[in-house]
Amino acid sequence: MKKKKYLPLLSLLCVMALLYGSNTNLEPTIQLTNIDILPATTSTKVILTTNSPLPINQTFFDERLPSTLVVNLPRVKNVPAPPPLKNRKGVIKNISWKKESNGEFRLFIDLTQKVPYTIIKEKDKTIIELLNLNAQLNLEEIQKKITLQENQNLASFQNLSIQEESERLVIRASISGQTLPYVFALDKPLRLVVDLYNTYLTHPPLNIAVNKYGLKKIRAAQFQVNNPYTISRLVFDLESPRFYTLDTDENGLTIAFYKSQALPLVPSLQKQPLKKKATKNLSSPPPQKIIAPPSPPKTSPPPKATSTSPEPTKKVTTSPRKSPVTSSPQESQFRPKTIAQTQKKYSGEIISLKFKDADLRDVVLYLADFAGLNVVFDPGVRGSVTVDLEDVPWDQALDLILKINKMGKIIEGNVLRIAPIDVLTEEQKQAQKLAESKELAGPLIVKTFTLSYSKAADVQSLLSTKLSERGEIIIDNRTNTLIVTDVKDRMDLIEKLISVFDTPTPQVAIEARIVEATSTFIRNLGIQWGWRGISDPFYGNQTSLQFPNKVLLDGAMIPQGIVTKGIGGPLGGYAINLPAPAFSTAIGLSLGNVLDTFRLDMALSALETSGSGRIISTPTVTTQNNQEAEIIQGRQIPVQTVANFTVTTRYVNAALELKATPQITAEGTIIMYIEIQNNAADFANLVNGIPPIITQSAKTTVMVPDGGTAVIGGIYRTEDSITRERVPFFHKIPILGNLFRSFARTKQNRELLIFITPRIIK
């Protein structure tokens, strides 16, 4: 009885649960009616028009296609065809869509480069704005922007203020003048960096602790000055990835960090799986903007993106400075030029295919319908297809399918023809024979090309392999003209090649500086002395002994006539003869008694010399790129040799020589093969009347920036010699030992440096 009593109640509960479950799973579908693209100078907008608010729950950059932005479109019933991009403007290359296995659509926006983007949600429109922030600029573009600024003076970073307002933290940098912000992010630790180009910090470096809204501290300092730019740097140390906005105006820079966590600082490069989430009532949602800043270069993979909704924020803007992106003439000259191209490139729309044992004709018809082509099949077309392809161009998928079935294709206009490969090969052979016969039978064209910068003989050797069997090239050396005879197709190719070869060759001025510096110091000290004593009855000073009655002691035994060094003494010479090796000063002293029976003679000689000299040689020569130049200044020394009673005279250069061969690179640097000789004749040391050659030379290959200076060689030579002449044993006597020795010192320094400075003549 109790079971029958509760049975109706249980049935009622089950029915209510089923109805509740069906109501909760039932979600209204959205009709995407139009996709528009609006390119602009500072941004490109993709406008999605729908009949109700579009709940975009996820956007990310695909890791397989790093420059493709993927946008999930949940609850969308169908997606119209994107508008054709006839003239590709802005950053968008192509837009396509794909329906996933779960029934949801994904929008693929193929970009020229990964850029920041903003998503603006309105009632019936969703705007994806792709921004061109300065974070995508390279140094060349920044330099051009600085050059194009009307005010060339540096902007001044004057003040930094922090204010908390309406669930966000606002940092304002007061800047006077025009600045160029460059924004990027770093991790480990996580930081947001803002480089302000052309800006000078007027106050000491700042280090402010914040510890709010995920921001730990703020640092401001002068990053560099004129190296080659003046940069002030703002660094925001973060606890975790934060949602932020950045505004620039005439008063400076404003960065705001929000309390709610929206997207991370760096968007994820990993593909995120779809997650079903309960959606709220979006009948009248407020406008929202989701900002994903660019990932920094050369950093580790950033944290994954989240999909929570952000607070209403301000739009990221940049100052309206325009700078055309052009390459320098130097880079344009070295950029490869395509004259004729045979490599196949796939440019069809992206498609995904999954077939198992499908008929080849049906698959080809499906692809042709996707591409909007008409199809013609040869009778021999047979085969089956089993493929699983995802996100490949449709023309590549068609080639793969035909290749595995040994089929080929020909597209003529909007008609696609499919036939076996052997059939098409035979047709191509017949067509080639027909083309060759037409070429041999076709009319010949005669053209003259007067060359301005190249020699006709050099260009003729380059073009000879491009002529047909009937082609011919004749040279007129008098006017430097090529007379080319060939069919029209070959003539067009030859004309393009001549326009590449006959271009002006840049010139390089090479200046070398050879600096020689010498210093000399000489000090010589010498002494000469002798004596004589006599005891003789003639002078009345004989000894009191019988023997010896008279004595003669003589310390001057060097005769006057054979003195070979120093100065001669009154007694005919000196017993201690240690004069200076070379002297310019000499003092003689002679002492004797009344009878001249005892005599002492002494002479001091001395010399001190110091000198310095510098020789600078600056040879300069100008030559064309990859052409050797030579300049010589000096004299030639005749050298005679006798062999078999024949006198042969040859001349040896004793001159300053510079040989250089420059090669300009694409970066504007110059690679040079250099040979420098600075030879001089030494007439002070003649050998059979012929002076020897003092040689100074250097031979090297260096790379130098345009206008830069490099030291390619140098020699530093020091000579320091001391000579002492002395009498054994006696020179060791304290004080008196100076009478028995002489001293000579020579010190000489010689330095040679070779500098080279190349300049490209504009």
**Report entry** Side-chain heavy atoms of Lys45 within contact of Asp36, under 4.5 Å
**Finding:** no
Report summary line: Closest heavy-atom pair, Leu234 versus Ala220, reported as atoms and distance to 0.1 Å, is CD2-CB, 3.7 Å
Requested in this report: Take Trp394 and Leu373 through the test side-chain contact (heavy atoms from CB on, under 4.5 Å) and record every step on the way to the result.
Outcome: CA-CA 12 Å; Trp394 72 266; Leu373 297 175; 3.7 Å; yes
**Report entry** Ser174 side-chain N/O to Gln158 backbone N/O, donor-acceptor pair under 3.5 Å
**Finding:** no
Query raised in the report: Val387 and Leu400: side-chain contact (heavy atoms from CB on, under 4.5 Å), yes or no, with the steps?
Result: CA-CA 9 Å; Val387 295; Leu400 293 173; over 6 Å; no
Query raised in the report: Is a donor on one side and an acceptor on the other found under 3.5 Å between the side chain of Thr202 and the backbone of Phe157?
Result: yes
**Report entry** Heavy-atom side-chain contact between Asp391 and Lys98 under 4.5 Å
**Finding:** yes
Query raised in the report: Heavy-atom distance under 4.5 Å between the side chains of Arg759 and Asp706, does that happen here?
Result: yes
Query raised in the report: Given Val210 and Phe257, is the side-chain contact (heavy atoms from CB on, under 4.5 Å) satisfied, shown in steps?
Result: CA-CA 12 Å; Val210 179; Phe257 292 90; over 6 Å; no
Query raised in the report: Which atoms form the tightest heavy-atom contact between Leu73 and Glu104, and what is the distance?
Result: O-CB, 4.4 Å
Query raised in the report: What's the shortest heavy-atom distance between Asn207 and Arg219, and which atoms?
Result: OD1-CG, 3.8 Å
Report task. Taking the side chain as every heavy atom from C-beta outward, state whether Ile175 and Asn251 have any atom pair closer than 4.5 Å. Result -> no
Report summary line: Note: Ile670 and Pro758 closest approach over all heavy atoms is CD1-CB, 3.6 Å
**Report entry** Test item: Phe755 and Ile712 side chains (from C-beta on) under 4.5 Å apart, heavy atoms
**Finding:** no
Query - Rounded distance [0.5 Å steps], OG in Ser232 versus NE2 in His203 - result: 8.0 Å
**Report entry** Expected output: side-chain Thr33 to main-chain Thr49 donor-acceptor under 3.5 Å
**Finding:** yes
Query raised in the report: Just checking, is any N or O donor in the side chain of Thr757 or Thr709 under 3.5 Å from an acceptor N or O on the other one?
Result: yes
Query - 4.5 Å side-chain heavy-atom contact, Ile218 and Leu206 - result: no
Query - Atom OH of Tyr200: over 12 foreign heavy atoms under 6.0 Å - result: no
Report task. Heavy atoms only: give me the nearest Thr199-Ser156 pair and the separation to one decimal. Result -> CG2-C, 4.4 Å
Query raised in the report: After noting the C-alpha distance and the side-chain angles of Val508 and Gln663, does the key distance pass the side-chain contact (heavy atoms from CB on, under 4.5 Å) rule?
Result: CA-CA 9 Å; Val508 180; Gln663 178 184 344; over 6 Å; no
Requested in this report: Among Ile47, Ile128, Ile95, find the residue that satisfies the side chain to side chain contact (heavy atoms under 4.5 Å, CB included) test when tested with Ile37.
Outcome: Ile95
Report summary line: Taken to the nearest 0.5 Å, the spacing of Thr68 OG1 from Lys93 NZ works out to 7.5 Å
**Report entry** Separation of Phe223 CZ from Asp195 CG (nearest 0.5 Å)
**Finding:** 6.0 Å
Query - Check: Val392 and Ile350 side chains under 4.5 Å, non-hydrogen atoms - result: no
Query raised in the report: Rounded to the nearest 0.5 Å, what separation is found between the NZ atom of Lys217 and the CZ atom of Arg191?
Result: 10.5 Å
Query raised in the report: Using 30° and 60° as the class limits, which term best fits the ring planes of Tyr366 and Phe355: parallel, tilted or perpendicular?
Result: perpendicular
Report summary line: Nearest heavy-atom approach of Gln222 to Leu201 is OE1-N, 2.5 Å
**Report entry** Donor + acceptor pair across side chains of Glu667, Thr669 (<3.5 Å)
**Finding:** no
Query raised in the report: Out of curiosity, Phe105 CZ to Asn72 CG, how far, rounded to the nearest 0.5 Å?
Result: 12.5 Å
Query raised in the report: Atom CE in Met672, atom CD1 in Ile664: separation rounded to 0.5 Å?
Result: 11.0 Å
Query - Contact check, side chains of Leu196 and Leu253, non-hydrogen atoms, under 4.5 Å - result: yes
Requested in this report: Applying side chain to side chain contact (heavy atoms under 4.5 Å, CB included) between Leu215 and each of Ile255, Ile171, Ile162, report the one that passes.
Outcome: Ile171
